[in-house]
Amino acid sequence: MGILKFSVPEIFLGRNSMKYAGVCARRLGAKKIFFVSDPGLESTGWVDAVFDIFDHEKLKWVYYSDISSNPRDSQIEEGARLYEKHGCDVVFALGGGSPMDAAKGIALVTSNGGRVHDYEGANRIQKPLPPMVFMPSTASSGSDVSQFAIITDMERQVKMSIISRTLVPNVSIIDPTLLTTKPRDLIIAAAVDALSHAVEAHVSRLAFPLTEVHSLRAIELIMKYLPLTLEDNSLANLEQLSIAGTSAAMAFSNASLGIDHALAHTLGGVLDVLHGIIHPILLPSVMRYNLPKCVDKLAEIGKVMIGGSMGSPEATALAGIEALENYFKSLGVSTRLRDIVPERSKIPQICEMATFDSCLLSNPREADAEDMMSICHDAW
Amino acid sequence: MNKPTTLEDIIGLEYTKLGFFGEVKKNMAKLQATNRKLERKQRKLEAIFGGISDVMVILSANFTIISTNDLFSTVFKHASPRGHFCYEIFKKRDCPCSDCPISKARQTNKVCRKTMALDIEDKHYQFDVTVSPLRDAKKKAFRFLVLMRDVTREKEYQSKYSHSKKMATVGALAAGVAHEINNPLTSISGFTKGLQRRLPILNKNLQDTEENQALMEDFTEYIDTILTECDRCRDIVQGLLTFSPRKKVDFTSLNLKRIVTGVLRLLHHRFKENPQVAITLKAEKNIPHIMGNAAELKQVILNLICNSLDAVDGQGFLELRLYQKENQIIFSIEDDGCGIDPEIMDQLFDPFFTTKPIGQGIGIGLSTCYNIIRQHQGELLVKSNKKEGAVFTMILPHPDEVMS
């Protein structure tokens, strides 16, 4: 094992931890907060709740919610313009991956200048960003702990990934009460997303003990508490899912992901399908493809899935994959690629594009476009 | 474009979340460098201001002194002018002056120039004042740069120059007139004297009647009057001739003190008439002899003492001083009389100017004195406050310094 790193923000975890949003921002020097969210959250009332918290702390704020589900370069630029116009000093985000990534982009452009495009790739940010306080509304995107931001370049029609430790927020506030307003399908999508993060992070080439405890724990919690939550939407169950999502995020934001996400990103870009519903379809096939290179890791996952060991590590691994497939089926989500991709002829193009995804780098088994095509056919 | 991302990039061992400490350090260094630059610039400006030979003041829009150069304190004898109102220091007033050039510069937003008379420790000064508005980014004047040049001496020279020019013209005119009048006057005087000589003969040839006796008396009286008036004309003409430059062949070495005491003796009868006037003479010992014309200097001293006697009008003091100062021999006469009206100060040495009632003087006095002293390469100065008396000072050069 080489030298690896584990970096996370300061994390608040617990019911009603959102009340620390104002105090945190103030401690980081806030006088006027740039508050990023999206219209979906406004209707749940959480945006107003945060306004109240800021007002209570006598903090001024500027609210910006012109964020689409995949944040666009122009939206970032407009946000940065507003940030500067109003003289804000701390960036606060409430929501899923989109508002959080947008908030990162705004913080980046406002402090480093230029356009988001100038920072595409790894470690190209030269100047510090304004303090960032993030409050995820789904415990799955991981943007609140990660060093990644994904912004869409509207002109080139591609998603730019920006990677830098400087993009890790200063504070992440994880409050399970936010999940109480989530509808059932979003709860499933988020949990499945988190599960796939955990599985891919666990077998990643960058996985190491500090990430592995989190990825395994996340798998265990999701397997147990997602079904319970679907039966009883109690805060206690939601809290466990929050912990699972956060653990998965800590694991994948440090260990990165694999083929499943490389393909999911590309499919998401081409078909505009919800991130969460792709994983039940691809993940088991990807795990089977990776099996030769990571039997022991997959066996560890298998042990968690089936609650015991089979004769050999390989058997345990395979039993685990099967258990996972059954688990997905039990959730009532699509498990075949044909359900979401209208034409089979699109597959080669998608696989070709996926070879450029940086998630492929950390996949335990190398894969070219053809390898991925076979995975897709397997999942068809 | 960008190089493809690698696993090492994602681990980013060499990268860490950027904090502001480094940034602050960088900014501090930048600020310090800028500060040093500004400091140097300020010192340069201060040196420039210090080198300016004019008094320089920066004023706020409400006449408060914000900064000055070092010269300010020296000229205005004020150690810490900062924070005071300008009119407090310049004019000892408690409100802005009515003819303030700063107000004008503020109204017009243009450079304003003006000559101002200021008194500093009882001395009169004249300053050429230039007020330039310092404008902010919106071109609005928010401060005023005031440059003050002491032009007191320049103005003095200017008035001296214009006076001496006037005197030269008058001198040429007077000399011409004097010569022209002198000839007929000599004839009148000569023939009148001839007539006077012939009076006894005329008397002998006349019958001794009462009528003839009266006629004879008239003749004698009229001829006497003509001769007296001729003498007066001659004196006037003589006086006029002092306006034109003469040779100094008739200068001899003189003891000025002896001349002064001589004049005082001459005036003995007038002092007796004015017992309430105290006259003192303070003369330093060992005053060197001067080169000059005794008769002319006597005339000057006589004239000055008479003027002072007239000024005190029977009651007061006259203080005569004779002393040496920096290679100059100075005779001054101070009185506590009526003083001189500032309005006529400029005309005092003009020919034919007089304040005395018509008939009492001919007005040649002070201008003649002035000319005589000038021809002795000296100076005749006057200082007076209305109603507080006057000081006339006659300054003559040391004999070694007299140019031939």
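In what follows, chains are A, B, ... by sequence order, proteins preceding strands, each numbered from 1.
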### Query
Would one find more than 12 heavy atoms of other residues, nucleotides or ligands at under 6.0 Å from atom CZ of B:F142?
yes

### Message
Looking at A:K5 and B:Y15, would you say the former's side chain and the latter's main chain have a donor-acceptor pair under 3.5 Å?
### Response
yes

### Query
Is it the side chain or the backbone of A:P130 that comes within 4.5 Å of chain B heavy atoms, both, or neither?
backbone

### Query
Rounded to the nearest 0.5 Å, what separation is found between the CG atom of A:L206 and the CD atom of B:E8?
8.5 Å

### Query
Does B:K92 NZ have over 12 foreign heavy atoms under 6.0 Å away?
yes

### Message
Check whether A:R165 reaches the backbone of B:L13 with its side chain - one donor and one acceptor, N or O, closer than 3.5 Å.
### Response
no

### Nearest-0.5 Å distance, CG of residue A:L4 to CD1 of residue B:I11
5.0 Å

### Query
If we only count heavy atoms from C-beta on, is the A:L129 to B:K17 side-chain gap below 4.5 Å?
no

### A:E84 atom CD: more than 12 heavy-atom contacts under 6.0 Å
yes

### Message
Looking at B:N109, I want to see if its CG is surrounded by more than 12 non-hydrogen atoms of other residues, nucleotides or ligands under 6.0 Å.
### Response
yes

### Task
Please indicate whether B:R106 has more than 12 foreign heavy atoms, meaning atoms of other residues, nucleotides or ligands, lying under 6.0 Å from its CZ.
yes

### Message
Side chains of B:D9 and A:I163, heavy atoms from C-beta outward: is any pair under 4.5 Å?
### Response
no

### Query
Could you state the interatomic distance from CD1 (B:I10) to OG (A:S358), rounded to the nearest 0.5 Å?
5.0 Å

#### Entry: Under 4.5 Å from any heavy atom of chain B - which part of A:Q126
backbone

### Task
Output the distance between atom CD1 (A:I162) and atom OG1 (B:T5), rounded to the nearest 0.5 Å.
11.5 Å

### Query
For atom CD of A:E366, is the number of surrounding heavy atoms from other residues, nucleotides or ligands below 6.0 Å larger than 12?
no

### Task
Decide if atom CZ of A:R27 counts as having more than 12 heavy atoms of other residues, nucleotides or ligands within a radius under 6.0 Å.
no

### Message
A quick test of your reading: do over 12 heavy atoms of other residues, nucleotides or ligands sit less than 6.0 Å from CG of B:D94?
### Response
no

### Message
At a 4.5 Å cut-off on heavy atoms, which part of A:S362 comes close to chain B: side chain, backbone, both, or neither?
### Response
both

